[in-house]
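Encoded as C-alpha cells, the structure appears first; notes follow it.
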There are 2 protein chains.
Amino acid sequence: MATSVFIVDDHYMVIEGIRSLLQHEKGIEWAGHAQSAASCLAYLQREQPDVILMDINLPDMSGIDLCLEVKKKYPFVFIIGLSTFNQQSFIQKMMENGASGYVLKNATQEELTEAIDLVCKGKTYLSDEASFALREHTAAQIILTRREKEVLELIAEGMTNNEIAKQLFISVTTVDTHRKNLLAKFEAKNVASLIRAAVKMQLIK
Amino acid sequence: MATSVFIVDDHYMVIEGIRSLLQHEKGIEWAGHAQSAASCLAYLQREQPDVILMDINLPDMSGIDLCLEVKKKYPFVFIIGLSTFNQQSFIQKMMENGASGYVLKNATQEELTEAIDLVCKGKTYLSDEASFALREHTAAQIILTRREKEVLELIAEGMTNNEIAKQLFISVTTVDTHRKNLLAKFEAKNVASLIRAAVKMQLIK
DNA sequence: GCCGGTCTCCCCTTTTTCAGGGATTTTATT
DNA sequence: AATAAAATCCCTGAAAAAGGGGAGACCGGC
C-alpha cells in the first residue's frame, strides 16, 4: 500500500517543488497540502495521512507547536520537519515535540524519499546537516527558567531593573539576581552581548 | 520569442517548485538553475538569460551582493528577488542594487508569470507584501555613519566604551558620543533595546 | 567661501549595571 | 520526608552608561 504524504508549508513554491519531486514516485501518494497550521488541523479531522512534511515557519503557529499538537491528537501520524539551513536551532525542539525526522529544503529527491520510507518504518531520519546541527546545538544549549525568560524579554524591551521589578511585582534585587544568572548562563559580560546571543539563539525575537 | 528564465536558489525544492510552475507556461523558456552565486556567475559567462530569479540567501554570497555584481557585468539581464515573508528588510537593498522586481516565495503561478512579463518590458514588479514592506522599511530606515557602525559592532561584542576607545584609538568621550548618537537614531533608551533593534534591522548579525 | 555632516574631544550629574558575596522561601521531584 | 531547583530578598562598592550640555577640526559639495 502506498504511503500517503501531506505537506504543510506557507510557501507555495515549496509545495509545488515537493509535489513535483514526489509525483512520479511509486509507493507515495499525494494526500494534499495546507498553507497554515489551522487548515492542516482541519484536514486531519477528516483524514490522516501516513506522513506530514511540516515547515517550521507557518503564518498562524510555529511548526514546533503544531508538531506537538498533531502528535497529541494523532500519535500514529509521522512528522518530518522541513526548514532552511539557517534555522537549525529549531531542530532540537521539533524532535522533542515528536517529529520523526528532519529534512532541509535543499534536500534532493533521493533524500526526501529515503526520509519518508525510513520514518514510515518507525525510524528516525535526520539529514546530515540536521544531525550535525543537533549535536552542535545540544552542546551549546542554554536552558532558562520561566522567570529568567520573562526578565530577558523585558531587558530586551529596554527596561531597567527598576521598571522590570515594578512590572513583575518583585524586588529590584531579585531582578538583579535573575539578570546576573542570565549573564552567567550566556557567558556574557553585559546586556549588549547577552541580547545579541539571545537573538542568535532565537530565545527572543 | 520566448523569455528565458534562470533561477538561483540554494533550496532544491524551491527550484523544483518554480520549474514545475513555469514548465507548461508558453513564452517562458527554462534556462537552468544554480545553487550558488559562484555557479550562477559561471553560467552567465557562457550565456545570459532574459530574467534571473534570485534568492536572497545563498551559501557563498548574499543575493544582494550577487545582484549588484550581475547588474554591473550584465546590465541587460533583469533580476527578480525571491524571499520568504520575514526577510522583507532586504527588499530595499535588493532594489537599490538593480533588481527589477521582488516576489515572495508563496507567490502563485499567476503572480510569478506576471512578474516575469512585466520585468521583461523594463517595468518593476513588487508583490503586494513586498511593496508594503518597502514602504514600511523606507520610513523606518536608519542611516549610520562608518564610525557609528564600527562602534555598534563593538558594543554588540560586549565591549565597554573604554575597551572600544582603545580598540579604535580614540577617546572614551568620543565613543560615548557615538553611543549617544546611536541611541538617538534608534530611539532606544539603552543598549538592550539598541542591540535588539539593530539585529532586527540586520545591521548586525 | 560657506554649510552640513562627521568625527573628535571635554564637562557635569544621575542612574543603572556589574561583581562579589549571603540567605530564605517556594516549588517540584524523587 | 528529603533533596534539588527555582525564586525571592538583601548588602556593599566600583564601574559603566545615560542624559544634559558645549565646542573645535576636517571634508565634501554647492
Side-chain angles (χ1 to χ4, degrees), chain A residues 68 92-93 96-97 138-201 203-204, chain B residues 92-93 96 138-201 203-204:
Chain A
L68 189 65
Q92 168 100 16
K93 288 172 188 164
E96 279 169 7
N97 283 357
T138 312
Q141 211 193 172
I142 290 171
I143 294 150
L144 299 183
T145 67
R146 191 196 98 246
R147 229 21 173 182
E148 282 166 356
K149 273 179 205 158
E150 286 175 13
V151 172
L152 175 60
E153 282 281 349
L154 298 179
I155 292 174
E157 295 288 338
M159 292 170 75
T160 66
N161 286 348
N162 231 308
E163 292 165 342
I164 295 169
K166 275 172 195 154
Q167 169 105 21
L168 298 180
F169 301 105
I170 53 179
S171 154
V172 198
T173 60
T174 309
V175 178
D176 192 53
T177 306
H178 290 309
R179 186 189 216 105
K180 281 175 191 167
N181 290 335
L182 283 167
L183 289 174
K185 284 189 178 179
F186 281 86
E187 292 175 59
K189 46 179 293 192
N190 53 33
V191 260
S193 41
L194 170 68
I195 297 296
R196 226 256 293 244
V199 173
K200 245 186 210 167
M201 296 182 193
L203 290 168
I204 49 177
Chain B
Q92 168 100 16
K93 287 172 188 164
E96 279 169 7
T138 312
Q141 212 193 169
I142 289 171
I143 294 149
L144 299 182
T145 67
R146 191 195 97 249
R147 227 25 170 183
E148 283 166 355
K149 274 180 204 158
E150 286 174 13
V151 172
L152 175 60
E153 283 280 349
L154 298 179
I155 292 174
E157 295 287 338
M159 292 169 74
T160 65
N161 286 347
N162 230 306
E163 291 165 342
I164 295 170
K166 277 171 194 155
Q167 169 104 20
L168 297 180
F169 302 104
I170 53 179
S171 154
V172 199
T173 60
T174 307
V175 178
D176 194 53
T177 306
H178 289 309
R179 184 187 217 103
K180 283 173 188 167
N181 290 335
L182 283 167
L183 289 175
K185 284 189 178 180
F186 280 85
E187 291 173 58
K189 46 179 294 194
N190 54 31
V191 260
S193 43
L194 170 68
I195 298 295
R196 227 246 307 232
V199 172
K200 245 186 210 168
M201 295 184 193
L203 291 168
I204 50 178

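Each chain gets a letter, A, B and so on, in the order the sequences are listed, and its residues count up from 1.
Computed from coordinates, the B:Lys185 NZ to C:dG5 C1' distance equals 9 Å when rounded to whole Å. Rounded to a whole Å, the CD atom of A:Glu150 is 14 Å from the C1' atom of D:dT8. A:Phe169 places its CZ atom 18 Å from the P atom of D:dA7, with the value rounded to the nearest Å.
Between B:Val151 and B:Leu168, the closest side-chain pair of non-hydrogen atoms falls below 4.5 Å. With contacts defined as side-chain heavy-atom distances shorter than 4.5 Å, the pair A:Phe186/A:Leu144 qualifies.
Each end of the helix from C:dG1-D:dC30 to C:dT30-D:dA1 gets its own axis, taken as the rotation carrying the C1' atoms of four end pairs onto the next four within a five-pair window, and the two axes meet at 60° to the nearest 10 degrees.
Within the nucleic acid shown, B:Thr174 comes within 4.0 Å of at least one base atom, counting heavy atoms only. Among the heavy atoms of the strands lying under 4.0 Å from B:Ser171 are primed sugar atoms or P, OP1, OP2 only; no base atom is included.
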**OP:** Using a 4.0 Å heavy-atom cut-off, write out nucleotides 17-30 of chain C from 5' to 3' as B (base contacted by protein), S (sugar-phosphate only) or - (no contact).
**Re:** SSBB----------
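Nearest heavy atom pair, residue B:Ser193 against residue B:Ala188, reads OG-CB, 3.5 Å. Smallest separation of non-hydrogen atoms from B:Arg196 and A:Val199: CG-CG2, 4.3 Å.
Contact check, A:Thr173 against D:dT8: no side-chain N or O comes under 4.0 Å of OP1 or OP2. Residue A:His178 places no side-chain N or O under 4.0 Å from the OP1 or OP2 atom of D:dA6.
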